[in-house]
> 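The following block contains the structure, expressed as structure tokens.
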Amino acid sequence: MLKRTHTCGEITADLDHQIVTINGWVDRVRNLGGVLFVTVRDRYGKIQVLFRPDDDALFSCAASLRGEDVVAVCGRVTRRPDTAIKEDTGGAVEIIAEKFEVLSKALTPPFYIHIESDVNEELRLTYRYLDLRRQRMQKNIQLRHQVVQAVRAYFNEHSFLEIETPILTKSTPEGARDFLVPSRLKPGKFYALPQSPQLFKQLLMVSGFDRYYQIARCFRDEDFRADRQPEFTQIDYEMSFVEQQDIMRVTEGILKTVFKNVLGITIPTPFTVMEYEAAMDLYGTDKPDLRYGLTFTDVTDICKDSAFEPVRNAIQNGGVLKGFRVPGAAPRYSRKMIEEMETLVKKAGAKGLLHAKTAKNPETGSALLLKTNFDKHLSPSEAENLIKAFALEENDLLFMVSGEKKTVNVALGVLRSEIAKRESLIPKDQFCFLWVVNFPMFSYSEEEQRYVAEHHPFTMPDLTELETHKNSDATKIHAHAYDVVLNGWEIGGGSVRIHSREVQKTVFSLLGIDESSQKSKFGFLLDAFQYGVPPHAGCAMGLDRLVAIIAGEEYIRDVIPFPKTTSGICQMTAAPSDVENEQLEKLSLKLIKDAR
RNA sequence: GGGGACGUGGUGCAGUUGGUUAGCAUGCCGGUCUGUCACACCGGUGGCCGCGAGUUCGAGUCUCGUCGUCCCCGCCA
């Protein structure tokens with residue numbers, strides 16, 4: 001085999017006149033009859049090879065080359081004629097072939113490799129190894145590597161130890177559904193794949209490894225989304241003898257290093273900090289995208305005596321009236337589009353959508369008129385106050401929703417992000433980081449008729465609030481938890497952890513985990529908490545989401561080499577698949593019914 | 001579990017109120033061509049319209065079911 005002396009990307013004008021050998025894939029063949037051009041590609045770049053007709057055998061052999069054949073070419077690097085150098089279609093040099101070998105012939109691929117074109121996702125995943133050859137995926141996978149290296153560089157420089165934790169672990173209640181792995185040696189018992197290394201990293205703190213990190217694979221058996229896969233990767237870290245601020249500074253440091261090393265961008269730190277409640281009130285989500293405005297204004301007071309019954313009733317029942325202004329959008333929104341918006345907020349739980357458009361008053365020529373779907377219920381003074389409260393100008397569009405506060409916020413939040421998309425208000429190439437802090441510790445699950453942890457059960461609650469509200473309304477207790485948000489994506493989250501056995505038991509009890517379950521499920525943690533526990537805190541960032549944002553991708557599938565489809569199938573290997581009955585027997589398992 | 005979109009030569013798409021021969025681009029194969037770079041030009045190949053029922057004289061088109069992919073809700077501490 002002709003072994004490469006250089007990669008395709010390394011062949012530049014510096015090597016002019018030198019004899020080189022390259023290995024790679026045939027990207028493209030252009031046969032002009034008397035002269036043959038072959039573009040050869042590897043992961044470092046592309047280089048044009050020229051076959052001249054002088055050597056009949058060589059030329060006719062090269063003429064049979066097809067896309068994706070794997071070749072070795074030896075020849076002299078030569079400056080291309082000036083007339084043959086076109087802008088951005090390759091370098092100033094080419095290789096004039098003297099010898100070549102076909103290392104492997106290729107079938108015609110099922111989709112284009114050499115050009116970026118839309119391809120059915122199913123097909124891409126079936127032939128993922130070919131999809132990964134394409135420039136976009138090559139770029140994304142390389143980018144992912146760079147991000148991981150930047151992360152490691154930061155941690156290594158700051159005395160963190162990279163420590164592995166088990167993949168075969170224990171199923172725990174709370175949180176996502178576990179993937180289970182049957183045990184052969186303990187028939188009828190199961191391991192679980194980790195949803196995160198949470199408890200292990202806390203135990204590492206107990207062990208004295210006061211700065212830990214891991215690029216950790218995590219597994220959750222829940223349904224998929226564009227930003228969710230059943231297995232995903234977390235940048236996981238934990239520190240002892242620290243407080244919330246310390247973790248925030250470290251997280252900012254990691255992100256600063258990543259953006260500097262990968263994109264050459266200096267991101268401003270520290271990040272903006274926003275209370276959970278403020279995020280909900282202003283943006284209707286706990287992960288607001290701050291690249292655009294459209295923040296909400298509360299106009300409950302203005303309309304508390306509204307003649308419009310649904311609004312008045314909502315307010316009298318302790319609800320709110322809130323909305324936001326879309327500058328200059330009025331002429332672009334037809335009745336039909338506004339109906340679509342109404343459908344959207346109704347899906348999100350709102351009872352209805354109030355909307356108004358502003359126009360110049362033809363009589364005065366200056367004051368604004370509100371044209372609304374609740375005109376007849378709106379008094380002139382209410383109209384005027386609304387115009388003031390929202391700072392409305394001509395041709396603005398105003399949306400408002402009334403009802404219970406949380407529902408209103410969420411509905412407006414959904415609307416806000418839809419409007420931002422439609423109005424193209426989201427700037428590209430901008431990175432808006434923020435911290436969301438002071439989350440509620442618990443929420444009440446109607447379905448399960450109990451409190452559930454908003455973050456997780458190992459999060460340190462506000463101890464004063466815990467004492468005050470634990471026997472009355474636990475939803476009033478806040479948690480020392482924090483999320484890092486980038487462009488509307490939650491890219492990470494963490495908390496100060498409980499390091500007291502008593503507090504931990506109190507939280508378990510509030511979650512409805514009785515004494516015996518505490519012992520069987522979390523006994524090892526409670527035991528460990530009796531042997532000297534450093535105060536500790538940590539965080540985990542979603543690597544896939546982070547890389548997707550940096551790569552400008554909308555779906556994390558596009559930054560994962562071998563992802564699964566939304567139904568949890570690997571198109572390429574056809575996993576999950578049937579297993580032999582013998583395998584089941586060894587595991588003491590039997591299928592309830594033949595699902596095949 | 002629920003809602004929505006899509007499924008037509010290898011690939012990306014079009015296909016009108018149901019109407020006789022399913023188009024276009026590209027790929028692929030063959031030919032011409034000595035500076036192309038998604039080479040160009042000429043010719044050709046290639047389709048059980050996802051699958052199964054039904055309505056109809058007649059279905060790519062309408063109806064029902066089913067399978068698959070994607071998006072969203074639920075779910076994801």
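Every value quoted in this text rests on a predicted model; they were computed, and no experiment measured them. We name chains A, B, ... by the order of the sequence lines, and we start the count at 1 in each one. As a basis for the values below, the full set of heavy atoms in this structure was taken, side chains included, without hydrogen atoms, waters or symmetry mates.
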> Using the C1' atom as the reference point in each nucleotide, state the distance between B:C62 and B:G19 in Å, no decimals.
14 Å
> What nucleic acid atoms does A:Val452 come within less than 4.0 Å of, heavy atoms only: base, sugar-phosphate, or nothing?
nothing
> Using Watson-Crick or G-U wobble geometry with both distances below 3.5 Å, tell me the partner of B:C28, or none.
B:G44
> Side chain of A:Asp223, base of B:G74: donor and acceptor closer than 3.5 Å?
yes
> As an exercise, state the distance from CG of A:Leu466 to CD1 of A:Ile477, rounded to the nearest 0.5 Å.
5.0 Å
> Without decimals, in angstroms, what is the distance between A:Ile95 CD1 and B:C37 C1'?
15 Å
> Using a 4.0 Å heavy-atom cut-off across all strands, classify A:Phe458 as base, sugar-phosphate, or nothing.
nothing
> If the P atom of B:G4 is compared with that of B:G12, how far apart are they to the nearest Å?
25 Å
> With sequence neighbours excluded, tell me which residues meet ring-ring contact (aromatic ring centres under 6.0 Å, His included) with A:Tyr292.
none
> Mind checking if A:Pro457 touches a base, just sugar-phosphate, or nothing, with heavy atoms under 4.0 Å?
base
> Starting from P on B:G10, measure out to CG on A:Asp131 and report it in whole angstrom.
20 Å
> Rounding to an integer number of Å, can you tell me how far A:Glu231 CD sits from B:C76 P?
20 Å
> Both distances under 3.5 Å, Watson-Crick or G-U wobble: report the partner of B:G7, or none.
B:C67
> Using atom P in both nucleotides, what's the gap between B:U69 and B:G58 to the nearest angstrom?
35 Å
> Paired with B:U17: which nucleotide, if any, by Watson-Crick or G-U wobble criteria at under 3.5 Å for both distances?
none
> Could you tell me the separation between the CG atom of A:Asp118 and the P atom of B:C70, rounded to a whole number of Å?
15 Å
> If stacking means aromatic ring centre less than 5.5 angstrom from the base's six-membered ring centre, planes under 30°, is A:Phe111 stacked on B:U11?
no
> Got a sec, which residues hit side-chain contact (heavy atoms from CB on, under 4.5 Å) with A:Pro230, two or more places apart in sequence or on another chain?
A:Phe179, A:Phe224, A:Lys564
> Which is it for A:Glu222 and A:Gln195 under the side-chain contact (heavy atoms from CB on, under 4.5 Å) test, yes or no, and what are the steps along the way?
CA-CA 11 Å; A:Glu222 297 292 348; A:Gln195 295 175 30; over 6 Å; no
> Who pairs with A:Tyr444 by ring-ring contact (aromatic ring centres under 6.0 Å, His included), at least two apart in sequence or on another chain?
A:Tyr451
> For A:His478, check ring-ring contact (aromatic ring centres under 6.0 Å, His included) against everything at least two apart and list the hits.
none
> Under the ring-ring contact (aromatic ring centres under 6.0 Å, His included) rule, collect the residues that match up with A:Phe399, sequence neighbours excluded.
none
> Side-chain N or O of A:Thr39 less than 4.0 angstrom from OP1 or OP2 on B:C37?
no
> Have a look at A:Glu174 and say if it touches a base, only the backbone sugar-phosphate, or nothing, with a 4.0 Å heavy-atom cut-off.
nothing
> Specify the separation, in whole Å, of atom CG of A:Asn120 and atom C1' of B:C6.
9 Å
> Base, sugar-phosphate or nothing for A:Leu123? Non-hydrogen atoms, less than 4.0 Å.
sugar-phosphate
> Considering only side-chain heavy atoms of A:Arg30, which listed nucleotide, B:G35, B:U36, B:C72, is closest?
B:U36
> Could you check which of B:G12, B:C39, B:G74 has an atom nearest any side-chain atom of A:Arg228?
B:G74
> Check whether the side chain of A:Arg220 and the base of B:C76 form a donor-acceptor pair under 3.5 Å.
no
> May I have the distance from A:Lys421 (atom NZ) to B:C72 (atom P), rounded to whole angstrom?
8 Å
> Within this structure, what is the CD1-to-P distance between A:Ile47 and B:U36, rounded to whole angstrom?
17 Å
> If you measure from the P atom in B:C6 to the same atom in B:U17, how many Å do you get, rounded?
15 Å
> I'd like the P distance from B:G1 over to B:G60, given in whole Å.
33 Å
> Considering only atom P, compute the distance from B:G50 to B:U8 and round it to an integer number of Å.
6 Å
> If you measure from CD on A:Gln449 to CD on A:Glu446, what distance do you get to the nearest 0.5 Å?
6.0 Å
> Could you tell me whether the side chain of A:Arg557 has a donor or acceptor atom within less than 3.5 Å of a complementary atom in the base of B:C70?
no
> Taking the same atom, C1', in B:G54 and in B:C70, what whole-Å distance lies between them?
29 Å
> Per the atom types in the model, does the base of B:U69 pair as donor or acceptor with the side chain of A:Gln571 at under 3.5 Å?
no
> Rounded to the nearest 0.5 Å, what separates atom CE in A:Met460 from atom CD in A:Glu243?
10.0 Å
> Could you state the atom-to-atom distance from CG of A:Leu50 to C1' of B:C39 in whole Å?
14 Å
> Which nucleotides of nucleotides 24-31 of chain B have their base under 4.0 Å from a protein heavy atom (B), which only their sugar-phosphate (S), and which neither (-), written as one string 5' to 3'?
--BSSSS-
> Taking the P atom in each of B:G27 and B:G68, what is the distance between them to the nearest angstrom?
34 Å
> Report the base-pairing partner of B:A59 (Watson-Crick or G-U wobble, both distances below 3.5 angstrom), or none.
none
> Evaluate the ring planes of A:His536 and A:Phe529, with Trp represented by its six-membered ring, and classify them as parallel (under 30°), tilted (30 to 60°) or perpendicular (over 60°).
perpendicular
> By nearest nucleotide on RNA chain B, pick out whichever of A:Ile569 and A:Lys347 is the more 5' one.
A:Lys347
> Given B:U36, B:C72, B:U69, which nucleotide is nearest the side-chain atoms of A:Arg80?
B:U36
> With a 4.0 Å limit, can you tell me whether A:Ser567 has a side-chain N or O closer than that to the phosphate oxygens OP1/OP2 of B:U69?
yes
> Between B:C71, B:U69, B:C75, which nucleotide has the shortest distance from any of its atoms to the side chain of A:Arg225?
B:C75
> For A:Glu121 and A:Glu94, find the nucleotide of RNA chain B closest to each by heavy atoms; which residue's nucleotide sits nearer the 5' end?
A:Glu94
> Who is the Watson-Crick or G-U wobble partner of B:C33, with both distances under 3.5 Å?
none
> Contact class for A:Thr565 vs. all strands (heavy atom < 4.0 Å): base, sugar-phosphate, or nothing?
sugar-phosphate
> To the nearest 0.5 Å, how far apart are CD1 in A:Ile95 and OG1 in A:Thr78?
9.0 Å
